Amino acid sequence: MTTTDRPARSDSGEPGGRFAPVDSRVDFVAMEQDTLKWWNDNDMNARYRAKNENAEKRFSFIDGPITANNPMGVHHAWGRTYKDLFLRFRNMQGYRQRFQNGFDGQGLWVEVEVEKDLGFKSKHDIEDYGIGRFVEECKARVERFAGIISDQSTRLAMWMDWDDSYHTMADDNNYAIWQFLKSCHERGWIYEGRDSMPWCPRCGTGLSQHEIVTEGYQEITHNSVYLKFPLVDRENESLLVWTTTPWTLAANVAAAVHPENTYVKVRNNGEIFYLGKELLNVLNVLNGDVDVLKELPGSKLVGLKYRGPFDELPAQAEAREAHRVLEWDDVGEDEGTGIVHIAPGAGAEDFQLGNEHGLPIIAPLTEDGDYIDGFDWLSGRNVSEVNDDIFKSLEDKGVLYSIVPYKHRYPVCWRCNTELVFRLVDEWFIGMDDLREPMKDATRSINWVPSFGRDRELEWLDNMHDWMISKKRYWGLALPIYKCQGCDNVDVMGSEAELKERAIEGWDQFEGHSPHRPWIDAVKIACSGCGETVSRIPDVGNPWLDAGIVSFSTLKYGSDVGYWKDWFPADWISESFPGQFRNWFYSLIAMSAALEDTAPTKAVFSYALMRDEAGEEMHKSRGNAIWFEDAADKMGVDTMRWLYTRQNPSSNLNFGYGPGDEVRRQFIIPLWNVYSFFVTYANLDAWDPAAADDPAVTGERSDLDRWLLSELNRLVGRVTEYLETWRPMETMRTIEEFIDGLSNWYVRRSRRRFWRSESDADKQSAYATLYTALTTLTRLLAPITPFLSEEMYRNLVTRVDGNAPDSVHLSDWPVVDESAVDDDLSDSVNLARRLASLGRSARASSRLKVRQPLAELLVDVRTDRERSFLPLIESQLKEELNVKAVSDARGQGGLLSVSVKPNLPVLGPKYGRDMQTIRGALEAADPVELATASERGEQISLGEFTLEPDEILVEHAGLEGFAVAVDAGYAAGVRTDLTPELEAEGTVRELVHHVQNLRKSAGFEISDRIDLYVEASDEMIAPLRAHETYVRIETLADTVSYGKAPASAHVEDTDVNGAVARLGVSKSR
RNA sequence: GGGCUUGUAGCUCAGCCGGUUAGAGCGCCACUCUGAUAAAGUGGAGGUCGAUAGUUCGAGUCUAUCCAGGCCCA
């Protein structure tokens, strides 16, 4: 039996210890607040950023600007944790960095929020209010939220240079885009195009392809209409047409059919209709009785003339005579009638088809979605309110067939949810054809993490249309495009200086303002073509221009080329992937390809979306959204960051307080407990950390200590590699495994070493080892959990070492000590842990408590290498499983069962196809004979084959008199029969256990010495007498009396293995 | 219709280069410990790895097809 001494004192960390006492029950959130204050008081962020300012090697990170239009949410905190993690890691590794955060501030999203604040309903309200005042409000809003986000990020322990954040609304950013646009113009890519495009009547602006595909669709039910297009010169015959947008019928010009699809001519309620054969069921559903008269291909319908539903309107003057059936390959057979109504002024594809056939174009709507003049009773009315009257008009004219509610995905404005219409507009574009290949080359040169990002981006580039860069709004980049009304010549200004030079009026009014509306619009230039006075086009720019330019603008491309060359391209950028392939990643690559024909970054790291705990989307309205501040105050930022970084970035993160609790219980508290344990005992012993490196100590390390250091160095190596290859999840899982081993193997098995009262070499070694592990761990954790590691580091290192940095965040990243890595040792302990687990399972199956000593443990392992570890781990297994002996099951006779398996990794490559034969022969042979031969190291003859002894694997199971557990080729069996001596020891241990409880319930200190009284049967007392010394040492008893306890003693009746004993304790002396 | 992606235990997810009998956490059940303890530990139950075919001595892993979900594009 093992005996032990107890620590001299009971409470953790008396004054006088080297380390500050550590409360095992700590309020982590309060601790974070204290640390924040300390960082702030000591200017730690700035000192951290200055750490490598003179370093040779640099790590360039370019921040994707966060929209400064609302407070930051927990989903932003996820991405910002990644950014901070990798920047901190590189800083500890000694890289020079810029630490610049970015804010995105120009664009419609800000306008919409300001409009809401001011109670505006439309663009007219803005113009009435004054564009200048409105733009100032937008700027103020951005400044306000930039401040809020900076504060929130500070709470997140994100250490950036908060005084140097860039703004996309800043002058230099805007002028850098001018430079880009001019470069595009010089290559002939900038053009004004007329197109039918999605339009928001509320915002009064078109939406680009990027905007509409991102989050622009909703399930909406509309009243769709089936109506008749009566054929000219064919009495009583009509095309049957279907549309979900009745408001477009007033702009109808043509109808389209698929030339190769089959159509039918039918009689229905006394009328003749034409429609697609596949869609005939429409009529059955709507209106019974259908007579199919004949079938014909769509091509036979092409060219037929018809009367349009609104031919009476003046606006139809030009189209009236042009109504006819066109052929179009995109007509489908899935819905509608197979005959499509075409309104080139009110639909994108319609517009294209109209152009191909030279059709007249009727564009019915104003910016606000009102019908223009020429539409009679419709003129001046809004598109959103006319459907019922249109139906009525159709009915009056006898061309209405049916009205059917129809649910479909319909595009809406991504900012205000207004249903979009298609409108014919003039917008400015960058032609992307020349850029497509350079962009694809750049994309291919980037390391995309996860790797499928590359294919996503390439696919987008394949499908990308020309980039619409204009928006008919107020707050945004002032497009530096000057189109002459006289000669149509276009000038593009590339800089503020160029504009000043070209200005012929209005410069005085503009000077001193940011290049925004309305001030910029005062400036006029002379047309380079005809000399006329030219105004800037009134449009503002697409916001992705603003964000895309930052790899140039923030790196001083225009003002300090040396600086730009130093930091471009970025080593790494990171953003959430849904959306960014067509937004930020896209615009960044576009501008970099255009200006320098290269990629803006070496690596892109992206991650998925955040969901709530149940995997549902978070919505304010649904009440499942979590505010950043609430999360930080309730679970603590370290917990959040741990939760974020342990996630697989390519799958959605289910975030919530439940998972947060799990993280705290699973990892943070165990780690804290180890730390608290260490400090408690180190203080009791007044242990000196300076001794940690003393050769007298480090030379004496036990296997357990060497094992921990081996694991620790393996950990350092893996974590470094994982972080260098952008693999946070793997990093975290590896650390978690280490902490589990540290807590549940190393500390648990080392506890008694720390209790001894004398200071022997083994105890010194234990302190030194645990200290090394903890201090290394604090540095590994510093980028992940900045608060926890700071707290631990300052206490364990800064406090005791005058030469150490003040903060863990000023320390260097640990380096692997290869000499400490011992794979055999690591693997052998892993084997011990596995066999111990199996042994416990075996004990449990026969209901033998670990406290009951057993005679023998038999184990079986899978390989000779593992077998060679057995002597190394024998003592560990004895202690863990409380057995007297450990033996290799292979050496045992009396096996109940033996099975033999081929050693596939060895045999497979050697025999290949013959494996099936060998497998069969092995199954047929007598396993005992094979096993015996193999264990003797003899060759095994098997039909035509001769196998080497290590080419088969032998497994044993089910020994007589043993309780056995088997798993994955390993086995452990404990001898179940108890000798009287074993039983006696079991009884004594059980009794000691009860005495310990009694000491505690009596309220004694750990170090109090006692007198022990035992009143019990002779059967129980006999073994106690035999092991009295052991009992006295374990329970700190000066005396043991067998009989009634005095009245002054603390007495309890206890059940010891089914028998009752009355135990009494009192303090001695 | 095209691209990407996912499908492994009741739930959430790991699973490297193909290798012996597929793992974790949560949940559930049982037990243990109680001087690291607002705890924790141990054990158990629970899986034909979406389906089929193929490649291979060997497939959760590679290939093809299909089914089902997600995102995106037409």
Side-chain angles (χ1 to χ4, degrees), chain A residues 6-7 9-12 22 24-27 209 213-214 330 332 349 450-460 462-464 577-579 581-582 608-609 611 613-615 646-648 650-654 658-659 661-663 665-667 669-670 672-681 729-730 733 736-737 740 743-744 747-748 750-751 754-755 836-845 847 849-851 862-863 880 899 901-919 952-953 955 965-970 993 996-997 999-1001 1004-1007:
Chain A
R6 306 216 143 232
R9 295 206 200 95
S10 64
D11 49 358
S12 74
V22 173
S24 58
R25 304 175 175 189
V26 67
D27 179 344
Q209 186 194 9
V213 298
T214 311
D330 285 351
E349 294 151 326
S451 57
F452 62 74
R454 177 187 149 121
D455 293 332
R456 287 261 179 103
E457 190 63 47
L458 288 173
E459 215 245 338
W460 169 255
D462 278 333
N463 290 311
M464 116 186 121
F577 56 62
F581 292 107
R582 73 190 65 84
L609 296 171
R611 295 288 158 82
E613 244 171 88
R646 79 184 300 276
Q647 171 71 12
N648 179 349
S650 64
S651 60
N652 291 339
L653 168 59
N654 295 349
D661 268 348
E662 206 178 300
V663 160
R665 288 208 320 266
Q666 207 79 43
F667 310 110
I669 287 181
W672 189 263
N673 283 341
V674 172
Y675 165 61
S676 152
F677 172 88
F678 171 81
V679 167
T680 301
Y681 287 100
M729 174 182 75
E730 290 86 341
R733 286 177 193 235
E736 287 172 3
E737 268 175 47
D740 179 62
S743 170
N744 291 326
V747 171
R748 191 169 56 77
S750 294
R751 249 141 76 182
F754 294 95
W755 289 349
S837 163
L838 272 178
R840 280 186 211 101
S841 172
R843 273 182 167 274
S845 70
R847 309 198 65 79
K849 287 183 182 178
V850 176
R851 214 178 289 128
R862 299 207 297 206
T863 65
E880 285 293 314
S899 61
K901 293 195 176 232
N903 191 350
L904 291 174
V906 179
L907 284 173
K910 184 167 169 185
Y911 290 100
R913 195 172 295 277
D914 291 330
M915 273 306 299
Q916 301 299 18
T917 321
I918 293 175
R919 201 189 278 270
I952 63 168
L953 301 168
E955 288 174 15
V966 180
D967 179 54
Y970 299 93
H993 158 64
Q996 305 291 27
N997 285 344
R999 286 178 57 103
K1000 199 177 179 185
S1001 65
F1004 294 174
E1005 296 293 310
I1006 296 177
S1007 54

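Side-chain atoms are counted along with the backbone in the values below, which use heavy atoms only and exclude waters and symmetry mates. Here the structure is a predicted model, which means the values were calculated and not measured.
- Arg733(A) comes within contact range of the sugar-phosphate backbone alone, with a heavy-atom separation under 4.0 Å but no base atom that close.
- In this structure, Val22(A) and Trp672(A) have side chains that are in contact, with non-hydrogen atoms separated by less than 4.5 Å.
- Remark: P of A40(B) and CD of Gln666(A) are 8 Å apart, rounded to the nearest angstrom.
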All N/O contacts under 3.5 Å from nucleotides 27-32 of chain B to the protein, with atom names and distances to one decimal?
none

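- For Asp661(A), the side chain to side chain donor-acceptor pair (under 3.5 Å) criterion is met by Arg664(A), not counting sequence neighbours.
- Atom P of nucleotide C72(B) and atom CD of Glu459(A) are separated by 12 Å, given to the nearest angstrom.
- Checked against ring-ring contact (aromatic ring centres under 6.0 Å, His included), Phe667(A) has the following partners two or more places apart in sequence or in another chain: Trp642(A).
- A pairwise comparison of heavy atoms in Phe581(A) and Gly453(A) identifies CE2-O, 3.3 Å as the closest pair.
- Nearest nucleotide to the Glu662(A) side chain, out of U37(B), A39(B), C26(B): C26(B).
- The side chain of Val747(A) has A36(B) as its nearest neighbour among C72(B), U5(B), A36(B).
- Residue Met729(A) has its side chain nearest to G15(B) when only C72(B), G15(B), C71(B) are considered.
- Closest to the side chain of Asn648(A), from the set C72(B), G41(B), A14(B), is A14(B).
- Spacing between atom CD of Gln647(A) and atom C1' of C26(B) amounts to 15 Å, rounded to whole angstrom units.
- A search for salt bridge (charged side-chain N to carboxylate O under 4.0 Å, His left out) contacts involving Asp455(A) returns nothing, not counting sequence neighbours.
- Phe667(A) places its CZ atom 13 Å from the P atom of A24(B), with the value rounded to the nearest Å.
- Counting non-hydrogen atoms under 4.0 angstrom, Glu730(A) reaches nothing in the nucleic acid.
- Distances were taken from every side-chain heavy atom of Ser676(A) (C-beta onward) to each of G35(B), C4(B), U37(B); the shortest belongs to U37(B).
- Positionally, the nearest nucleotide of RNA chain B for Phe452(A) lies more toward the 5' end than for the other of Glu613(A) and Phe452(A).
- Between Asn463(A) and G2(B), a side-chain N or O to OP1/OP2 separation shorter than 4.0 Å is absent.
- Under the side chain to side chain donor-acceptor pair (under 3.5 Å) criterion, Ser750(A) pairs with Arg753(A), sequence neighbours left out.
- Residue contacts for Ser650(A): at a heavy-atom cut-off of 4.0 Å it reaches no nucleic acid atom on any strand shown.
- Residue Val663(A) is out of contact with every strand shown, counting any heavy-atom pair closer than 4.0 Å.
- Base pairing in RNA chain B gives the following stems of 3 or more Watson-Crick or G-U pairs, range against range and under 3.5 Å: B:1-7 with B:67-73, B:10-13 with B:23-26, B:28-32 with B:40-44, B:50-54 with B:62-66.
- Between the CZ atom of Arg748(A) and the C1' atom of G41(B) there is a distance of 8 Å, given to the nearest Å.
- Across all non-hydrogen atoms, the minimal contact from Asn654(A) to Glu613(A) is CB-O, 3.8 Å.
- Taking atom P on both C17(B) and U63(B), the two are 12 Å apart, rounded to the nearest angstrom.
- Applying the salt bridge (charged side-chain N to carboxylate O under 4.0 Å, His left out) test to Arg748(A) and every residue at least two apart in sequence or in another chain returns Glu880(A).
- If you measure from atom CG of Asn744(A) to atom P of U34(B), you get 16 Å, rounded to the nearest angstrom.
- For Ser651(A), taking side-chain heavy atoms from C-beta onward, the closest of the listed nucleotides G41(B), A39(B), A14(B) is A14(B).
- Atom CG of Asn652(A) is separated from atom P of U6(B) by 13 Å (rounded to the nearest Å).
- Residues forming a side chain to side chain donor-acceptor pair (under 3.5 Å) with Asp27(A) (at least two apart in sequence, or on another chain): none.
- Listed by chain and number, the residues in a salt bridge (charged side-chain N to carboxylate O under 4.0 Å, His left out) with Arg646(A) are Glu736(A) (sequence neighbours excluded).
- Across the protein-nucleic acid pair, Glu737(A) atom CD and G15(B) atom C1' stand 12 Å apart, rounded to whole Å.
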